[in-house]
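Data block below; observations after.
All ligand and atom numbering here is 1-based and tracks the order in the structure. The basis for the numbers below is simple: all heavy atoms, side chains too, and nothing from hydrogens, waters or symmetry mates.
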Amino acid sequence: MKTASREEIFSMNLSLATGVLMLALKWAAYFITGSAAAFSDALETVVHVAAVMFAAYSLRVVYRPPDSNHHFGHDKIAYFSSGAEGVLVMGAGLVIIYEAVQHWLSGIHLQEIGTGVAFLLAAASINAVLGIYLVRQGRLKQSVILSANGKHVLSDVWTSAGAVGGLALAWWTGLTFFDPLVAILSALYILREGSQIVHHAVEGLMDTSNPKLEALASTALTNFCAEELLTYHRLRLRESGTRIYIDFHLQFPNGVPIEEAHAQATRAERLVAQALPQTADITSHLESVHAPEHDEE
Ligand SMILES: [Zn+2]
Ligand SMILES: [Zn+2]
């Protein structure tokens, strides 16, 4: 049975520990400065820790083998995890906009800008290193969960950088409205990031087609059929986390013995599997070219 690799578990625990550290650093920055932008960054850390906890849980479930309740395995939890992360990120974005507008209307009092900026810069640098590491690990391990978490952490670098920029501008020009303005801009960025994460998750849950994988599979099948003088149709493909599921109909001339047809079909399945970059679960349906057709398109 495949389980989450040690690197994956380590990456996730590291992300969770860093998240807790960020929670402390960014709330400190907010309480010290009273800045709306620092508040936006701090509020996001609460959502952040919740999201990473869910992701860490998913990582433990995702590799469970198929069982009598889940015949296709547990891969799809990866999409739930990243979907929930995206929704939480978007929620944070909305609250930040609301709070920034409140701040702006009720008057802005900034203090201890230097200390706040130092805290935020430290947070941003730590997150930048972590985010790059997570995205790389996600690509290496083909892990939707790690990639989504890495992208999220990198988006947080921008909100911290934005808060620093806003505070610096406010301090330099004496115009305090730069602070809530930057908070709103980074919230718009957060909303965009969150919606992209959700979009990707929905694609996964809905088995949205992947033309790149489909081309690989159909090329392999077309070549096989050209060699063997067979035809195929109804090729279907869907992805589930790290696995690909494929089925197709292979059409044989009338009177081919079932043993022979089955051997060819098995070869076809193997060739298609070899053409794909991930583990593929392939099923072929055997039929005669002249069979009175069933529900064909
Ligand atoms: Zn975050
Ligand atoms: Zn058919």
Side-chain angles (χ1 to χ4, degrees), residues 11-12 14-27 29-30 37-56 81-96 120 123-135 138 145-163 183 186-198 218 221 225 230-236 246-254 256 261 265 268 283-297:
S11 306
M12 216 25 120
L14 184 69
S15 181
L16 192 56
T18 311
V20 173
L21 176 68
M22 291 300 126
L23 196 74
L25 263 177
K26 291 181 179 178
W27 279 103
Y30 165 59
F39 171 79
S40 75
D41 213 16
L43 179 77
E44 198 277 338
T45 57
V46 178
V47 162
H48 187 107
V49 170
V52 181
M53 278 162 81
F54 189 21
S81 167
S82 58
E85 185 154 0
V87 168
L88 286 171
V89 168
M90 288 175 76
L94 292 176
V95 176
I96 291 163
L120 291 173
S125 331
I126 295 168
N127 265 343
V129 175
L130 176 71
I132 291 167
Y133 173 77
L134 288 172
V135 167
I145 300 174
L146 285 187
S147 303
N149 190 238
K151 281 182 198 150
H152 173 170
V153 170
L154 284 178
S155 82
D156 291 355
V157 174
W158 290 106
T159 61
S160 300
S186 64
L188 292 176
Y189 175 77
I190 289 176
L191 280 174
R192 190 172 142 260
E193 282 298 298
S195 70
Q196 278 174 0
I197 297 175
V198 170
S218 69
L221 257 186
C225 285
L230 300 174
T231 49
Y232 77 92
H233 69 160
R234 270 196 165 204
L235 172 65
R236 297 194 304 176
I246 296 178
D247 54 58
F248 56 87
H249 293 189
L250 209 50
Q251 298 172 304
F252 294 85
N254 273 350
V256 177
T283 314
S284 58
H285 167 78
L286 280 54
E287 67 195 22
S288 155
V289 214
H290 304 298
E293 256 320 342
H294 39 278
D295 45 348
E296 295 308 352
E297 63 272 47

Open item on the list: Nearest 10°: the angle subtended at the Zn ion (ligand 2) by His249 ND1 and Glu287 OE2?
Closed with: 120°

TODO: For the Zn ion (ligand 2), decide whether His233 has an N, O or S atom at a distance under 2.8 Å.
DONE: yes

Task: Of all N/O/S atoms in His152, the name of the one nearest the Zn ion (ligand 1) - done: NE2

Open item on the list: Give me the atom names and distance for the closest heavy-atom approach of His48 to His152.
Closed with: ND1-NE2, 3.0 Å

TODO: Please state whether the rings of His233 and His249 are parallel, tilted or perpendicular, taking 30° and 60° as the class boundaries.
DONE: perpendicular

- [ ] Angle at the Zn ion (ligand 1): provide the value between OD2 of Asp156 and OE2 of Glu44, rounding to 10 degrees.
- [x] 120°

Task: Residue His48 atom name (nearest to the Zn ion (ligand 1); N/O/S) - done: ND1

Task: Of all pairs that satisfy salt bridge (Lys or Arg N to Asp or Glu O under 4.0 Å), the ones with a partner from residues 18-27, not counting sequence neighbours - done: Lys26-Asp41

Task: Test side-chain contact (heavy atoms from CB on, under 4.5 Å) applied to Thr18 and Val49, Val153, Leu130, the passing residue - done: Leu130

Open item on the list: Using the side-chain hydrogen bond (donor to acceptor under 3.5 Å, both in side chains) criterion, which residues pair with Ser15? Sequence neighbours excluded.
Closed with: Asn149

